[in-house]
Amino acid sequence: MRKAIFLFISLFVVYSLSAQEYEYKFRLTLKDKGKTPYSTDKPSEFLSQKAIDRRTKQNLKVDETDIPISTEYIKAIENTGGIVVAKSKWQKTVAVHCADSMMVDKLKKLPFVQDALFVWKGKTKKSEVIDTIPKYPAKQEILFGNYYGKGDLNIKLHNGQYLHDAGFKGKGIDIAVIDAGFNHLPKIEMMDNIEIKGSKGFVHQNEDLFSNANQHGLNVLSCIGTNKPNQFVGTAPEASFWLLGSEDHRTEFPIEEDYWAAAIEFADSVGIDVVNTSLGYANFDAPAKSYEHSDLNGKNAHITRSATLAAKKGIFVVCSAGNSGTQEWRKITTPGDAENVLTVGAIQKDSTIARFSSRGMTADLRVKPDVATLGVNAQVVNDKGLVRPSNGTSFSSPIMCGMAACLWQAFPTLTNKELLDVIQRSADRYEKFNEDFGYGIPDMKKAMNLAEEIVAKKTKR
């Protein structure tokens, strides 16, 4: 009997120690944001002047969603032993890292907490930063007589050269790239003249974006901002950039939606004009609940709601449709179902749809993807500094994003919704949209003419 009891106790201890190896994150939904010293009458205390100007230009008001969450609420959460890893003032949520799952019961008892949702389970391991990477020189073939170099098809398939020839290359437009890592970016000569205004990592304990990081964000950025004539030129080579990391490539849990929400609110606060996000979420690691097709209604997903709210703040949001076209899921991924954002599918150079490109429509029967741009053998810069072909709506999105930025530079009096409408109407299937192409393949020459018409009507009023 004593041996049996001893064995039971030993097994219990081993099980307990094993269980304690896992840590958790929960998304708290708050009843309100509490008392703060901030007021919508004094927006400069929590928003940059550029963020305020963007709203003013589009006749948008600073409202209660812009007010930060009470610091007293944050302190109360931290006093329970939780670590706040992400906040959304727009949605009144706080993501909390917990040493064990039992801590959520304490968090639920806080008087201002309405609900708690599981969003992550794992073993905490802070990424080590190893910075021994040599500088990567721009050893690329020079294509004399071809200004765009290997980026030629990225741009000319959509007549983006008409914007550039008219002098519009994105200058004065601030673009946020919300993505995974930008591995080795500071050491890559091919991208050394991109204007980077700042960077910030939002993934808990994995904030470094440049050393030992994922390269997906780097590839995406290169499609827009690279500016090496006769070698490789992106779609908005004179734009300025904020680099924001929200994707934790090690796992797939809903917490990444919280990181993304925090990132786009930061982008808003510093006055970003345009956001590109080549990320999409549908299926999560167990035991998290994955989305169903019925959730693609522009309202259910946390990340989708944030994208919709960003559009309401006057930001032009561009996102990839997803690469599920040949998979069981098949449909677009969130936040591609958001309202008033540009969701981009992928085509081949012969203008046929890429098999992998995710299909629409949304669950509430809105047209998605909105348009489709080059996503098969699109040219990108990798983290060795070399230009290479790559596939995915991850690259069709930034190719389109850069052209949208140039178009907005050309017609700065357009609102973000008018810009979206112009791009949609410039597409070749606008009158006969479908679930593969959406409105079709956009034409920037046509978009410029459509934009001129809108501006002319505004001027006559």
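These numbers were taken from a predicted model, which means no experiment stands behind them. Start at 1 with the first residue, then count along the sequence.
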So, do Gln205 and Ile83 sit near enough that their side-chain heavy atoms are less than 4.5 Å apart? no
No-hydrogen, no-angle side-chain donor-acceptor test under 3.5 Å, Ser306 and Glu265: no
Is it the case that the side chain of Ser357 and the backbone of Ile353 share a donor-acceptor pair, with hydrogens and angles ignored and the cut-off at 3.5 Å? no
Criterion side-chain hydrogen bond (donor to acceptor under 3.5 Å, both in side chains) on Ser44 and Gln49, from CA distance to verdict: CA-CA 6 Å; Ser44 60; Gln49 189 58 49; 6.0 Å; no
Before accepting this row, confirm whether a basic side-chain N of the pair Asp66/Lys313 lies closer than 4.0 Å to the acidic partner's carboxylate O. yes
In Leu185, Ile188, Leu221, the residue satisfying side chain to side chain contact (heavy atoms under 4.5 Å, CB included) with Val381 is Ile188
Any donor-acceptor N or O pair under 3.5 Å, side chains Gln91, Arg305: yes
Can a donor-acceptor pair be found, under 3.5 Å and without considering hydrogens, that links the side chain of Ser70 to the backbone of Lys35? yes
To the nearest 0.5 Å, how far apart are CG in Leu342 and CZ in Phe316? 4.5 Å
Using 4.0 Å as the upper bound for N to carboxylate O, is an ion pair formed by Asp337 and Lys368? no
So does Asp268 pair up with Arg55, basic N to acidic O under 4.0 Å? yes
Thr235 versus Ile155, closest heavy-atom pair with distance: CG2-CG1, 3.6 Å
State plainly whether the residues Lys92 and Asp32 are in salt-bridge range, i.e. N to O under 4.0 Å. no
Would you please say whether a donor-acceptor pair under 3.5 Å links the side chains of Lys25 and His97? yes
Using every non-hydrogen atom in the two residues, find where Pro369 and Ser358 come nearest and quote the distance to one decimal. CD-O, 4.1 Å
Heavy atoms only: give me the nearest Thr393-Ser320 pair and the separation to one decimal. O-CB, 3.3 Å
Using modelled atom types only, decide if a donor and an acceptor are shared between the side chain of Glu257 and the backbone of Ile303 within a distance under 3.5 Å. yes
Quick one: do the Tyr73 and Glu78 side chains pair a donor with an acceptor below 3.5 Å? no
Looking at Trp90 and Thr93, would you say the former's side chain and the latter's main chain have a donor-acceptor pair under 3.5 Å? no
Quick one: does Gln58's side chain get under 4.5 Å of Asn416's, heavy atoms only? yes
Donor-acceptor pair, distance only, cut-off 3.5 Å: does the side chain of Thr415 make one with the backbone of Glu418? yes
Does atom NZ (Lys87) have a neighbourhood of more than 12 heavy atoms from anything else shown, all under 6.0 Å? no
Heavy atoms from other residues, nucleotides or ligands near CZ of Phe433 exceed 12 (cutoff 6.0 Å): no
His216 and Ser394: side chain donor to acceptor below 3.5 Å: yes
So does Asp248 pair up with Arg250, basic N to acidic O under 4.0 Å? yes
Measure from NZ or CZ of Lys57 to the centre of the six-membered ring of Trp408 and say whether it is under 6.0 Å with the direction within 45° of the ring axis. yes
What distance do Leu209 atom CG and Asn183 atom CG have between them, rounded to the nearest 0.5 Å? 10.0 Å
Any salt bridge between Lys187 and Asp192, counting N to O under 4.0 Å? no
I need the Met191 CE to Asn227 CG distance, nearest 0.5 Å. 11.5 Å
Any side-chain heavy-atom pair from Ser199 and Trp242 closer than 4.5 angstrom? no
Establish, yes or no, whether a centroid distance under 6.0 Å links the rings of Phe253 and Phe284. no
So, Asn297 side chain and Ala363 main chain: donor-acceptor pair closer than 3.5 Å or not? no
Min side-chain heavy-atom separation Ile77-Leu28 under 4.5 Å: yes
Can you check whether Lys299 reaches Glu339 side chain to side chain, under 4.5 Å on heavy atoms? yes
Phe210 vs Phe182 aromatic rings, parallel, tilted or perpendicular, using cut-offs 30° and 60°? tilted
Counting neighbours of OH on Tyr38 that are heavy atoms of other residues, nucleotides or ligands and sit closer than 6.0 Å, is the number greater than 12? no
Contact between Gln215 and His249 at the side-chain level, heavy atoms closer than 4.5 Å - yes or no? no
Begin from the C-alpha positions of His302 and Trp260 and carry the test ring-ring contact (aromatic ring centres under 6.0 Å, His included) through to its verdict. CA-CA 9 Å; His302 187 71; Trp260 194 92; 9.5 Å; no
Could you tell me whether Glu435 and Arg330 have a side-chain N and a carboxylate O separated by less than 4.0 Å? yes
Please check this pair: side chain of Asn340 against backbone of Ala311, looking for a donor-acceptor N/O pair closer than 3.5 Å. no
Main-chain N/O of Gly245 paired with Lys200 side-chain donor or acceptor, under 3.5 Å: no
Tightest non-hydrogen contact, residues Asp370 and Gln424, listed as OD1-NE2, 2.8 Å
Side chains of Asn382 and Leu218: closer than 4.5 Å at any heavy-atom pair? no
Salt bridge (Lys or Arg N to Asp or Glu O under 4.0 Å) between Asp364 and Arg366, worked out: CA-CA 6 Å; Asp364 55 334; Arg366 284 175 292 115; 3.0 Å; yes
When the aromatic ring centroids of Trp120 and His204 are compared, is their separation below 6.0 Å? no
Kindly check if the number of other-residue, nucleotide or ligand heavy atoms within 6.0 Å of NZ (Lys171) is above 12? no
Point-to-point distance, once rounded to the nearest 0.5 Å, from OG of Ser88 to CG of Leu309: 7.5 Å
Can you see whether Tyr22 has Lys121 sitting over its ring - NZ or CZ less than 6.0 Å from the centre and within 45° of the normal? yes
If every non-hydrogen atom of Ser290 is compared with every non-hydrogen atom of Ala282, which pair is closest and at what distance? CB-O, 3.4 Å
Can you give me the closest heavy-atom contact between Thr226 and Met190, atom names plus distance? CG2-O, 3.5 Å
If you measure from CH2 on Trp329 to OG on Ser324, what distance do you get to the nearest 0.5 Å? 8.0 Å
Is it the case that more than 12 heavy atoms not belonging to Lys417 sit under 6.0 Å from its NZ atom? no
Are side-chain heavy atoms of Arg27 and Pro254 found at a separation under 4.5 Å? yes
